[in-house]
Amino acid sequence: MKHALAALIVLSASGCLSLEDPEVELEAVALRSDPGDPGCSSWGCGANSATVGDGLIFDELDSSGAEANRGGMRYLFAKFDDDAHAHAQVRLYAYRHWLYAYSLDWSQFYWGADLVNLVLTLNHPAKGTFEVKISAYDEKSLQFWAGTKEFVPFYELKTRHQGDPQFIDYACRNLLQDDPMWAGMPQRAVIFQGDRYDAASKTARDVGDYDPWFNIACAATAPAKMHLMRHTRAGGNYTWSGTASYPTSDGDRTAMLKMFTADYCGTGHTFTVDGQPLAYQDKPHWKATMESYTTVEALWTAGGATCLKEPRWVDRNMVFTQCGYVIPSCPSPITGWESSGAHVFSANR
């Protein structure tokens with residue numbers, strides 16, 4: 001047995017995972033939920049995904065209001081909830097990693113700190129109507145982890161069921177308060193546009209600058225890490241002519257996503273938990289340094305792990321049982337991996 005956890009993770013009736021009974025060793029647990037179950041994130045139950053008051057996921061929204069997300073949540077409208085804006089209703093739009101609000105007559109626009117007290121109204125056909133309030137904005141706490149150390153805007157979101165007197169719940173639950181990578185950024189989210197994710201298959205695709213969908217990526221989630229590693233359109237610094245300072249293909253982004261989610265088989269099945277220590281490096285080395293590590297984990301392409309030395313959280317045999325085949329072992333140490341066809345190298349800390 002590879003891993004003894006401090007708690008037993010068991011499946012509940014809803015398909016989510018709960019923590020009970022310490023001192024129990026796990027036989028085999030892979031974090032994966034039913035993507036059709038709105039009560040549990042498709043990135044894995046326990047993931048720090050944006051939710052409204054009763055746990056409904058809204059980690060992506062269509063700003064045009066035309067379509068509901070995969071959890072059934074649809075954006076309806078937005079308006080300011082303060083006297084300074086006279087409760088003005090606005091149009092919502094996301095571009096790169098900024099959120100914008102325009103007056104209905106297009107005469108005014110708001111962004112950055114001007115968006116504090118903006119309330120988004122969302123609806124779920126079975127669960128009712130919810131409101132999400134931008135309660136704080138921060139543009140000097142978070143920087144890209146790769147490439148030039150530019151600041152990345154961060155939003156704090158609070159939620160309530162429509163009709164409730166106050167915004168009490170945070171959309172981001174801040175499960176990793178002690179993680180130094182996210183220190184000083186409780187309950188915050190990165191918002192970015194230009195990428196769509198298939199959570200079930202763990203794949204990423206570029207949808208361009210004008211697609212109405214945008215991602216709400218809470219601190220420590222895989223989509224937030226993707227952006228900070230510049231494996232998003234918004235993080236690539238694409239110009240109007242289509243060139244980019246940090247260009248990545250859909251395959252590159254999918255390889256990075258599969259690494260973050262430990263999708264070794266490439267099928268969407270994940271083998272990881274929040275807060276798992278990991279060292280990694282991208283092929284172009286936009287990340288200046290790789291963290292120190294003890295053992296090699298894997299090399300990654302868009303198809304999953306091309307070689308696997310030591311999984312971060314489970315035994316190799318558990319992975320092979322899920323995949324239905326044996327993934328070749330990686331050499332250790334790994335040298336010259338950048339010419340192997342892989343886009344990401346990961347290791348255990």
Side-chain angles (χ1 to χ4, degrees), residues 49-69 71-125 127-142 151-174 185-194 209-219 224 227 234:
S49 294
T51 70
V52 290
D54 66 350
L56 286 172
I57 302 299
F58 71 103
D59 52 7
E60 64 167 357
L61 290 174
D62 176 3
S63 64
S64 74
E67 295 184 61
N69 67 16
M73 297 293 293
R74 185 168 71 89
Y75 165 74
L76 299 181
F77 61 87
K79 67 177 182 179
F80 283 99
D81 186 23
D82 59 31
D83 293 335
H85 296 89
H87 304 272
Q89 188 168 329
V90 294
R91 306 175 194 271
L92 197 64
Y93 183 72
Y95 177 69
R96 304 294 169 82
H97 56 202
W98 292 281
L99 192 63
Y100 295 92
Y102 288 84
S103 60
L104 296 183
D105 62 2
W106 301 101
S107 64
Q108 283 186 295
F109 78 95
Y110 309 90
W111 70 292
D114 293 337
L115 294 178
V116 173
N117 292 323
L118 183 67
V119 176
L120 283 61
T121 299
L122 316 177
N123 179 261
H124 186 276
K127 301 289 186 175
T129 302
F130 300 86
E131 294 175 323
V132 180
K133 183 176 185 177
I134 298 177
S135 52
Y137 173 81
D138 186 346
E139 58 183 21
K140 297 295 183 181
S141 293
L142 185 65
F151 284 109
V152 177
F154 235 11
Y155 301 82
E156 181 184 85
L157 307 172
K158 288 187 174 182
T159 71
R160 71 181 180 187
H161 200 286
Q162 190 176 60
D164 289 349
Q166 294 180 316
F167 289 90
I168 297 176
D169 297 316
Y170 287 101
C172 298
R173 295 167 292 170
N174 190 32
M185 294 169 277
Q187 291 92 24
R188 302 293 172 92
V190 177
I191 291 176
F192 63 92
Q193 176 271 348
D209 288 333
Y210 304 107
D211 189 87
W213 286 86
F214 63 91
N215 298 284
I216 302 170
C218 295
H227 184 55

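Only this structure's heavy atoms are used, side chains among them; waters, hydrogens and symmetry mates stay out. Model, not experiment: these values are computed from the prediction.
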May I ask you to check whether Phe80 and Tyr110 place their ring centres under 6.0 Å from each other? yes
Shortest non-hydrogen contact from [X] to [Y]?
| X | Y | result |
| --- | --- | --- |
| Ala224 | Cys218 | CB-O, 3.4 Å |
| Tyr155 | Leu115 | CE2-CD1, 4.3 Å |
| His227 | Ala234 | CE1-CB, 3.5 Å |
| Cys172 | Ala189 | SG-CB, 3.8 Å |
| Asp138 | Lys140 | OD1-N, 2.9 Å |

Just verifying a value: how many Å separate [X] [atom1] and [Y] [atom2], rounded to the nearest 0.5 Å?
| X | Y | atom1 | atom2 | value |
| --- | --- | --- | --- | --- |
| Phe77 | Asn123 | CZ | CG | 10.0 Å |
| Phe58 | His124 | CZ | NE2 | 13.5 Å |
| Ile216 | Leu120 | CD1 | CG | 7.0 Å |
| Trp213 | Asn69 | CH2 | CG | 5.5 Å |
| Gln162 | Leu122 | CD | CG | 10.0 Å |
| Tyr137 | Leu99 | OH | CG | 10.0 Å |

Can you label the angle between the Tyr93 ring and the Tyr95 ring as parallel, tilted or perpendicular, going by 30° and 60°? parallel
Does the side chain of [X] reach to within under 4.5 Å of the side chain of [Y], using non-hydrogen atoms?
| X | Y | result |
| --- | --- | --- |
| Val190 | Phe154 | yes |
| Gln193 | Asp211 | yes |
| Leu61 | Phe214 | yes |
| Thr51 | Thr159 | no |
| Tyr102 | Val90 | no |
| Leu157 | Ile134 | yes |

Pairs touching residues 94-105 that satisfy salt bridge (charged side-chain N to carboxylate O under 4.0 Å, His left out), sequence neighbours left out: Arg96-Asp209
Taking [X] for the side chain and [Y] for the main chain, is one N or O donor matched with an acceptor at less than 3.5 Å?
| X | Y | answer |
| --- | --- | --- |
| Ser103 | Gln108 | yes |
| Ser63 | Pro212 | yes |
| Asp164 | Gln166 | no |

Applying side-chain contact (heavy atoms from CB on, under 4.5 Å) between Glu131 and each of Arg160, His161, Lys79, report the one that passes.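 That would be Arg160.
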Heavy-atom count around Phe109 CZ within 6.0 Å, excluding the residue itself: above 12?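 Not more than 12 within 6.0 Å, no.
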Out of the candidates Gln187, Lys158, Glu156, only one should pair with Ser135 under the side chain to side chain donor-acceptor pair (under 3.5 Å) rule; please name it.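 Only one option passes, and that is Glu156.
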